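Just so we're clear, the structure is a prediction, and the values are computed from it rather than from any experiment.
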Amino acid sequence: MGTETARSVHGRVDRPILYRWGAWCARRAWRVIAVWALVIVGAGLLVPKFTDSLTGSSLKVDGSDSARVETLLTEKFASPVSEDAVVVFDSTRHTADAPAYRAAVGAAVAALRDQEGVLDIADPYAADDPTLFSEDRRTLLVPVGLGGGERDRQDTVPRIQDTLDDVTADGEGVDVMLTGSSALNAAVVEQQDKDLARAESIGLPIALLVLLAAFGTLVAACLPLLLGVVALVTSFGALGAVSGVVSFDVFSQAVVTMLGLALGIDYCLFAVTRMREELAARKGDVPAAVGATMATAGKAVLFSGCTVIISVAGLLVVRAPVFRTMALGVMIAVAAMLAVATTLLPAVLGLLGPRIDKLAVPGMKRSVRTTDVSRSGWARWTKVVMRRPVLVGGLTGVVLLLAILPAAQLKLGFDVGASAVSDAPAGRGYELVADKFVPGAATPLQIVLDKPAGALDDADLAALEQLTEQLRDNDDVAEVQSVTDVLRQETGGVDAAGLRTLMEAAKQDGEGLGRLIATDGRTTTLAVLPREAADSDASVDLVHWIRDTAVPDTVGERDGTSAFVGGLSAQTVDISEEVSRATPLVLALVLGLSFILLLLAFRSLLLPLSAIVMNLVSVGAAFGLLTLVFQEGHGASLLDFTSGGFIQAYLPLLTFVILFGLSMDYEVFLISRMKEEWGHSRDNTRAVTEGVAHTAKVITAAATIMMVIFAAFMITKVVEVKQMGFALAVAVLVDATLIRVVLVPALMRLLGNSNWWLPGWLDRVLPRVELTEGSAPPPDDAPARDEAARRPREEPAARG
């Protein structure tokens with residue numbers, strides 16, 4: 001399908017809808033820009049609402065054991081504590097027995113009792129618990145019970161820290177720090193805001209230099225950068241509009257920033273490149289040039305953006321809010337970018353017209369002029385690849401296979417982020433707990449025994465005591481707090497009658513057992529302090545042992561009684577298992593929907609299949625190198641991190657869908673240009689060569705910009721952002737070099753005319769939405785193509 005499809009039976013040019021839309025925007029540029037000015041102002045006002053509502057990384061999995069624990073603790077207990085945190089007091093001048101130290105602790109405890117969100121806190125001196133004092137008695141722990149959901153707790157902890165700072169300002173050398181899961185998350189949110197600003201300050205100037213090298217003029221170079229920033233602001237504004245009903249993870253801010261800048265700049269880059277070509281071909285007819293740009297590059301942008309949205313939408317089937325909100329955030333952001341690319345961009349292009357080539361950079365004037373791409377270096381390189389497709393493609397395949405192999409050893413885990421916020425109170429407090437106590441004291445496990453059928457009886461309490469003792473016998477457990485200990489201490493035995501007496505006395509006193517047993521006597525909880533940190537292999541193994549061995553051996557499931565394990569380590573286990581469960585379903589959805597979309601775009605059976613295979617190869621290579629660097633630790637000193645021996649639990653699945661969408665981005669632009677040439681000549685070799693020659697330069701520039709932006713995020717302290725930046729940068733590098741300009745041409749040379757084959761019955765059934773149908777109408781006075789040029793040519797045999 002070539003130029004002739006753009007003409008009607010009367011010989012006039014049929015204008016496809018995107019052509020007419022682009023020309024309309026060009027003729028009414030100021031109106032469109034005025035509307036967008038109002039949109040940008042509104043979005044700018046909503047950006048703070050989005051950034052202020054961000055929460056730390058949530059590992060909650062709907063329906064999991066850890067989620068049940070949080071629900072039961074909130075709904076059934078008189079003291080609905082949903083998280084156990086600790087306030088850490090430390091001094092190099094005083095011991096905990098000094099009057100100044102005791103005064104600081106007393107003032108802090110008194111202030112926190114009236115603090116909103118703090119449901120439980122006790123004076124450590126009155127409790128007389130030696131486990132709360134370090135061996136040198138210079139560090140003291142005060143357990144604190146926090147209430148509310150994850151977002152509520154993360155809003156509360158900064159206020160708690162401010163209160164602690166105020167009341168101990170004259171503490172004569174006594175430092176006080178709140179630490180725990182929510183405190184660490186809140187600190188990570190603050191740190192990531194600083195890191196993102198720093199990454200943007202590095203990435204954007206370098207991206208401008210790349211654009212200058214690609215275009216050679218200041219106006220053309222600044223336009224994609226400017227519109228990329230507009231797309232990012234619009235995205236954040238749209239996310240701010242929905243943040244009142246949806247809590248977004250702080251990591252979504254980093255992902256949207258990376259993708260917003262990279263895709264926004266890339267989409268505009270492709271359009272600006274095509275606009276310059278159309279202006280030269282149409283002798284300065286600006287509306288026609290803009291219309292042709294939107295009918296070609298604009299249509300490819302739409303399909304590319306839809307592919308990214310479809311890929312990310314696969315995450316909606318994962319039963320974890322972190323994946324769903326991340327998917328929603330990215331989908332909204334990409335939709336905002338498409339709105340900018342299809343409305344504001346054609347208006348700006350129409351307003352600039354030939355002035356897009358103004359302010360040429362000295363020494364780069366050649367890049368302004370249109371050159372014969374068929375004689376370019378990229379055309380010569382493609383001919384080399386297509387003369388030896390087996391040899392060149394085979395060597396490239398071996399290199400990619402070696403990069404993919406380490407991915408087989410990929411291991412999931414979770415880093416709480418303490419190292420990234422070591423300068424913040426939460427990070428310092430966490431390190432003190434790990435050094436002077438047991439690391440698990442800051443993030444304990446919670447085991448909830450629930451009996452819906454009735455109050456706990458003697459048999460239930462006996463099983464609970466057996467479970468408590470079995471936990472204490474485990475070398476990975478430092479301490480266990482159980483209601484059976486209180487019973488034995490207060491009544492001399494463990495039985496239901498003694499429990500009822502104790503609960504009645506606690507009701508009269510207004511304190512006592514609220515943290516350990518529910519008011520109806522049907523639910524009780526155990527606090528388990530692991531010896532190792534929450535994100536360690538030992539703590540994860542402990543969760544598995546409790547669930548698979550300790551609980552079945554002691555509690556079992558008598559009379560509907562169930563035991564659930566919660567806490568940060570349990571959440572790590574749950575989300576890892578959920579990722580394993582959901583991955584096949586996400587893969588099936590993403591690959592299946594992408595195939596259908598590409599089938600509509602290219603009207604070919606083999607091209608969508610080969611595109612999916614190529615994308616999987618580039619993603620696999622990125623995962624392999626990610627495993628080699630961040631899991632095995634090769635290059636850790638260069639990238640300034642300490643390997644934990646695993647990859648962040650939710651990162652691989654999230655990275656897969658994003659990388660698949662990004663890889664499809666280049667595939668769409670490359671193959672659509674090849675399809676355009678195939679429609680003109682029906683010569684596979686010429687179509688592949690011309691397609692690569694026309695797009696390789698702009699794809700290389702776009703890939704370089706993406707790599708720069710993604711690599712800039714590797715300087716961050718937050719490990720998941722660093723890992724994501726590395727994976728995306730490596731994947732784009734592999735995709736734009738080894739895949740698009742080596743492996744794809746070699747494979748298409750070997751497949752020959754089969755690349756473009758589609759069964760007749762399927763061709764009749766599919767709707768006509770392919771990328772090159774009716775695109776870019778030629779000038780009305782353009783001569784018709786020679787019929788022989790449109791006649792299919794025989795493919796010479798490919799040489800290995």
Side-chain angles (χ1 to χ4, degrees), residues 59-60 65-70 72-74 77 79-88 118-122 124 127 129-132 134 140-147 150 153 157 177-185 414 416 418 426 429-449 464 467-468 470-472 474-486 514-517 523-536 538-547 550-551 563-574:
L59 298 182
K60 183 178 179 181
D65 263 25
S66 55
R68 290 289 301 275
V69 165
E70 186 171 337
L72 289 170
L73 289 175
T74 303
F77 284 77
S79 177
V81 173
S82 52
E83 180 187 336
D84 288 305
V86 291
V87 178
V88 183
V118 177
L119 303 183
D120 184 61
I121 186 170
D129 185 351
T131 63
L132 299 178
S134 65
L140 169 65
L141 302 184
V142 178
V144 177
L146 304 179
E150 287 176 315
R153 297 196 302 270
V157 291
M177 298 145 281
L178 175 68
T179 192
S181 179
S182 292
L184 288 170
N185 280 338
F414 183 72
V416 298
Y430 188 85
E431 291 177 354
L432 281 170
V433 173
D435 291 341
K436 294 193 174 185
F437 300 89
V438 292
T443 51
L445 292 174
Q446 297 158 320
I447 304 176
V448 174
L449 181 69
L464 183 62
L467 174 61
T468 302
Q470 191 166 343
L471 289 169
R472 287 194 174 118
N474 190 299
D475 293 337
D476 290 326
V477 175
E479 184 183 348
V480 182
Q481 299 171 1
S482 171
V483 70
T484 58
D485 297 329
V486 179
R515 291 289 307 277
L516 296 175
I517 191 161
T523 310
T524 185
T525 181
L526 293 84
V528 181
L529 273 62
R531 292 193 181 277
E532 301 297 332
D535 51 5
S536 66
S539 293
V540 169
D541 292 340
L542 176 61
V543 172
H544 285 296
W545 176 78
I546 294 173
R547 288 176 172 175
V551 168
F564 307 100
V565 183
L568 187 55
S569 298
Q571 288 179 323
T572 301
V573 173
D574 290 337

Report task. Check for a donor-acceptor pair, side chain of D476 on one end and backbone N or O of L542 on the other, with a separation under 3.5 Å. Result -> no
Query raised in the report: How many angstroms lie between atom CZ of R472 and atom CG of N474, to the nearest 0.5 angstrom?
Result: 13.0 Å
Report task. Please report the shortest heavy-atom distance between P530 and T443, naming the atom on each side. Result -> CD-O, 4.5 Å
Query raised in the report: Taking atom CG of L529 and atom CG of L471, what is their separation to the nearest 0.5 Å?
Result: 11.5 Å
**Report entry** Nearest non-hydrogen partners of A183 and L178, listed with the distance
**Finding:** CB-O, 3.6 Å
Report summary line: Rounded to the nearest 0.5 angstrom, the CG-OG1 distance for L449 and T525 is 9.5 Å
**Report entry** Check: S569 side chain, V540 main-chain N or O, donor-acceptor pair, under 3.5 Å
**Finding:** no
Report task. Evaluate side chain to side chain contact (heavy atoms under 4.5 Å, CB included) for V118 paired with L146, printing each intermediate quantity in order. Result -> CA-CA 5 Å; V118 177; L146 304 179; 4.2 Å; yes
Query raised in the report: Short question: side chain of R531, backbone of V438 - any donor-acceptor pair under 3.5 Å?
Result: no
Report summary line: Heavy-atom closest pair (S536 atom, A533 atom, distance to 0.1 Å) is OG-O, 2.7 Å
**Report entry** Trace of the side chain to side chain contact (heavy atoms under 4.5 Å, CB included) decision for V69 with V565
**Finding:** CA-CA 7 Å; V69 165; V565 183; 5.7 Å; no
**Report entry** Residue D435 excluded, over 12 heavy atoms near CG under 6.0 Å
**Finding:** yes
Query raised in the report: Considering all heavy atoms of both residues, which atom of A550 and which atom of Q470 are nearest to each other, and what is their separation?
Result: CA-NE2, 3.8 Å
Report summary line: Between M177 and G429, the two heavy atoms sitting closest are SD-N, 3.8 Å
Report summary line: In L445, L467, L526, the residue satisfying side-chain contact (heavy atoms from CB on, under 4.5 Å) with V480 is L526
Report task. Measure the shortest side-chain to side-chain distance between V448 and R68 over non-hydrogen atoms and say whether it is less than 4.5 angstrom. Result -> no
**Report entry** Nearest-0.5 Å distance, CZ of residue F437 to CG of residue L140
**Finding:** 7.0 Å
Requested in this report: Could you tell me the separation between the CG atom of L141 and the CG atom of L132, rounded to the nearest 0.5 Å?
Outcome: 6.0 Å
Query - Minimum heavy-atom distance between A426 and L184, given as atom pair plus value - result: O-CD2, 3.7 Å
Query - Any side-chain heavy-atom pair of T484 and T524 under 4.5 Å - result: no
Query - Interatomic spacing from CZ in R547 to CD1 in I447 - rounded to 0.5 Å - result: 10.0 Å
